[in-house]
Structure formats: structure tokens, C-alpha cells
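The model shown is predicted, which means the values in this text are computed figures rather than measured ones.
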Amino acid sequence: MADPVSDGPIPDSAIVGVLRPFVRATRPVLDGLREADPFGLRARVRSSEFPALGMRERLLDMVAGVEVPGTSAWAAMDVEGRSRWWVRRVGRFTTLVAAVPGLGGALLSRLPVSKVLGAAGQGLLLVAIAGEHGIREEDELVALLGAVMFRRELTVRPPSTADDAAADARAAELTADLAEPGDQQPMVKRVAKVVWRLGRALFAVEDELDKRPHGNFLHEGLGMLPVVGAFGKYLGEWSGLKRAAREAEKRFHGR
């Protein structure tokens with residue numbers, strides 16, 4: 001985990017130094033969050049040589065109409081529809097990570113759950129929907145995260161050779177679980193571990209995280225109550241996730 005940056009106002013360069021490896025690490029994580037293709041639906045969509053002869057074939061034809069990357073339904077969706085899909089995908093996954101014992105590992109007991117997952121989830125979502133809008137340039141993605149999550153229009157300059165190597169090394173560290181050869185753990189658990197690391201990485205600029213889009217005062221009030229407090233916090237993070245998506249969309253349309 002990077003050392004927190006907390007003495008005085010955090011300079012742009014420090015925030016960029018945290019966000020650059022974060023953005024690089026999101027790419028394999030987003031690939032993991034996309035639904036796998038265990039039934040060969042992508043190939044089925046591309047080929048007309050699969051006669052529907054039995055129940056299994058009929059079922060596959062039906063599933064091919066589900067909004068999953070690589071299916072005909074996905075191809076027919078517009079950019080806004082795909083962005084909404086990512087809101088649901090990221091929101092449901094981060095909720096799953098928090099709700100299922102063991103997915104958070106030892107980190108779960110040492111970090112504020114909603115804050116960690118909320119920060120990681122918003123960062124992942126912003127990179128994902130930016131990609132649906134054709135925005136994949138790293139500096140532009142770093143600027144996007146700075147604007148929406150930290151309310152700062154960052155000055156983002158190309159990294160030096162040393163900074164570029166350091167960002168690569170940090171991104172590789174964050175995504176080590178996905179790259180581990182021969183790892184037999186289910187993909188959902190491996191991705192979950194990386195999501196936790198992404199959230200923890202953003203804690204290097206913890207003071208800036210409170211600026212992220214959040215829920216309303218009702219969510220905050222519910223989050224302070226016993227028993228249902230955790231539920232209220234997650235409702236707030238879900239609301240914040242949708243707000244982050246809306247703010248990003250406005251930014252995209254104003255380019």
C-alpha cells in the first residue's frame with residue numbers, strides 16, 4: 001500500500017502518481033468483470049451454422065439475446081445502454097465482494113468497507129464507460145478520474161521514463177492475482193482481491209476521497225443506524241456510483 005499523502009494540499013503530481021497505475025490496473029480487472037463465455041455465445045452470434053435441434057440449442061439461442069458482451073443483444077445496444085450495463089455490473093460486483101465472507105480476505109477487517117469499495121468501484125466504472133465512448137488514452141482517463149472523483153482539473157503530463165516504469169511496476173503489483181500462472185482460484189475471487197487492492201491504493205490520497213459522488217442525506221442517516229447501517233452505506237455508494245456515471249457522461253458530451 002502506498003504511503004498516505006497528507007501534509008498540506010495534495011499536489012496534482014501526487015494524485016496523478018496514484019491514478020496512473022490505477023488506470024493501468026483497471027484493464028485486466030474490467031476484462032474479468034465482463035461475463036465469461038462458457039457456452040460459446042460469441043461464436044454462436046458470429047455463425048449461422050448452429051441449427052436449433054434440441055433444448056440445449058434453443059436455450060443458447062435465448063441466452064444469446066441477453067445483454068452480455070459479444071452477443072447480438074450487446075451489439076444492438078447504444079453507448080448509453082452499455083454504460084448502464086457497466087453501472088449494474090460494477091455495483092453488483094462490489095456489493096458481492098463486501099457481502100461474501102472471504103472475498104475481502106484479511107483486508108476486510110482493516111479497511112472501511114464502503115469507502116474502499118466505493119472508491120475502487122467508481123474508478124473502475126469511469127474507465128469502463130469511457131471505453132464505451134472510445135476514450136482509452138491514459139492521460140485523459142487520469143484527468144477524468146481526477147475531475148469526477150476528486151473534483152480537480154488535474155494537470156496531467158506524460159510520465160518520465162522512471163515514472164512510467166514505476167507505474168508499470170505498481171500496476172503489476174495491484175493485478176498480481178490475475179497474472180499468477182496456474183492459479184486455480186475462481187476468477188470472481190481473483191478479481192475481488194484486485195478490487196480490494198485498487199481501493200486500498202486510492203487510500204494514498206484518502207483525504208480526497210470524501211469529495212467523490214455520494215448518496216443523499218437519507219442514505220447517510222440510514223448509514224448511522226444500528227443493524228441497517230451497512231445497508232444504508234451501500235445504498236449511498238450505489239447512488240454515488242450512478243452519480244459518477246452521470247457526471248462522466250456530461251463530461252463526454254461536452255468534449
Side-chain angles (χ1 to χ4, degrees), residues 1-33 90 94 97 107 110-131 133 135-180 191-214 237 240-241 244-245 247-248 251-252 255:
M1 178 179 179
D3 294 330
V5 179
S6 57
D7 294 333
I10 301 176
D12 281 6
S13 59
I15 295 180
V16 172
V18 170
L19 291 180
R20 190 177 295 282
F22 180 96
V23 167
R24 293 186 187 186
T26 59
R27 296 184 178 109
V29 178
L30 292 173
D31 287 341
L33 286 177
V90 173
T94 53
V97 171
L107 293 173
R110 301 202 304 266
L111 294 170
V113 175
S114 61
K115 203 170 194 179
V116 169
L117 295 178
Q122 286 189 10
L124 284 168
L125 175 68
L126 292 172
V127 175
I129 63 177
H133 284 265
I135 300 170
R136 297 179 178 85
E137 202 278 323
E138 183 175 278
D139 286 354
E140 193 167 358
L141 292 172
V142 169
L144 170 67
L145 267 61
V148 176
M149 296 178 64
F150 301 146
R151 309 303 191 203
R152 291 177 61 158
E153 295 296 334
L154 297 173
T155 299
V156 185
R157 298 184 175 90
S160 66
T161 301
D163 288 343
D164 188 54
D168 268 345
R170 180 60 173 147
E173 178 186 344
L174 293 172
T175 58
D177 284 287
L178 294 178
E180 191 69 29
V191 173
K193 288 182 177 180
V194 178
V195 169
W196 275 104
R197 287 201 180 96
L198 289 174
R200 186 172 62 164
L202 292 177
F203 259 58
V205 287
E206 180 180 0
D207 292 344
E208 297 289 305
L209 294 182
D210 289 333
K211 300 176 183 178
R212 294 181 300 114
H214 286 82
E237 288 296 348
L241 199 69
E247 291 181 20
R251 188 177 178 91
F252 299 149
R255 292 172 76 232

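- A donor-acceptor pair under 3.5 Å is formed between the side chain of S160 and the backbone N or O of D163.
- Taking both residues in full, the closest heavy atoms of P21 and L174 are given as O-CD1, 4.3 Å, listed atom of the first, atom of the second, then distance.
- Note that CD1 of I15 and OG1 of T155 are 10.5 Å apart. Values are rounded to the nearest 0.5 Å.
- What you find for P28 and T175 is that their closest heavy atoms are CG-CG2, 3.8 Å.
- Of the inter-residue distances, the one linking I129 atom CD1 with L144 atom CG reads 7.5 Å to the nearest 0.5 angstrom.
- Atom CZ in R197 sits 8.0 Å away from atom CD in E173 (nearest 0.5 Å).
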Item to check | Verdict with reasoning, L178 to D31, per side-chain contact (heavy atoms from CB on, under 4.5 Å) | outcome: CA-CA 10 Å; L178 294 178; D31 287 341; over 6 Å; no
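- Closest of all the heavy-atom pairs between V90 and G121 is CG1-O, 3.4 Å.
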Checklist entry - Is there a side-chain contact (heavy atoms from CB on, under 4.5 Å) between L202 and M149 once you walk through the steps? => result CA-CA 11 Å; L202 292 177; M149 296 178 64; 4.0 Å; yes
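- Using a cutoff of 4.0 Å between basic side-chain nitrogens and carboxylate oxygens, R251 and E153 are scored as salt-bridged.
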Checklist entry - Passes side-chain contact (heavy atoms from CB on, under 4.5 Å), I10 versus F150? Steps please. => result CA-CA 11 Å; I10 301 176; F150 301 146; over 6 Å; no
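- Taking the side chain as every heavy atom from C-beta outward, L19 and L154 approach each other to under 4.5 Å.
- The residues D139 and R157 are annotated as not salt-bridged, no charged nitrogen and carboxylate oxygen being separated by less than 4.0 angstrom.
- The minimum heavy-atom distance between L141 and I135, with the atom names listed, is CD2-O, 3.7 Å.
- Residue R151 qualifies as enclosed at atom CZ: its count of foreign heavy atoms under 6.0 Å is above 12.
- When all heavy atoms are compared, the tightest approach of L30 to L124 is CD2-O, 3.7 Å.
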Checklist entry - Given K193 and W196, is the side-chain contact (heavy atoms from CB on, under 4.5 Å) satisfied, shown in steps? => result CA-CA 5 Å; K193 288 182 177 180; W196 275 104; 5.8 Å; no
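- Minimum interatomic distance between Q122 and P213 (heavy atoms only, all atoms of both residues): NE2-O, 2.9 Å.
- Applying the salt bridge (Lys or Arg N to Asp or Glu O under 4.0 Å) test to R152 and every residue at least two apart in sequence or in another chain returns D12, E208.
- Residues satisfying the side-chain hydrogen bond (donor to acceptor under 3.5 Å, both in side chains) test with R24, not counting sequence neighbours, are E138, D164, D168.
- Sorted by first then second residue, the salt bridge (Lys or Arg N to Asp or Glu O under 4.0 Å) pairs that include residues 117-127, not counting sequence neighbours, number zero.
- Formation of a donor-acceptor pair under 3.5 Å by the R212 side chain with backbone atoms of L209 is found in this model.
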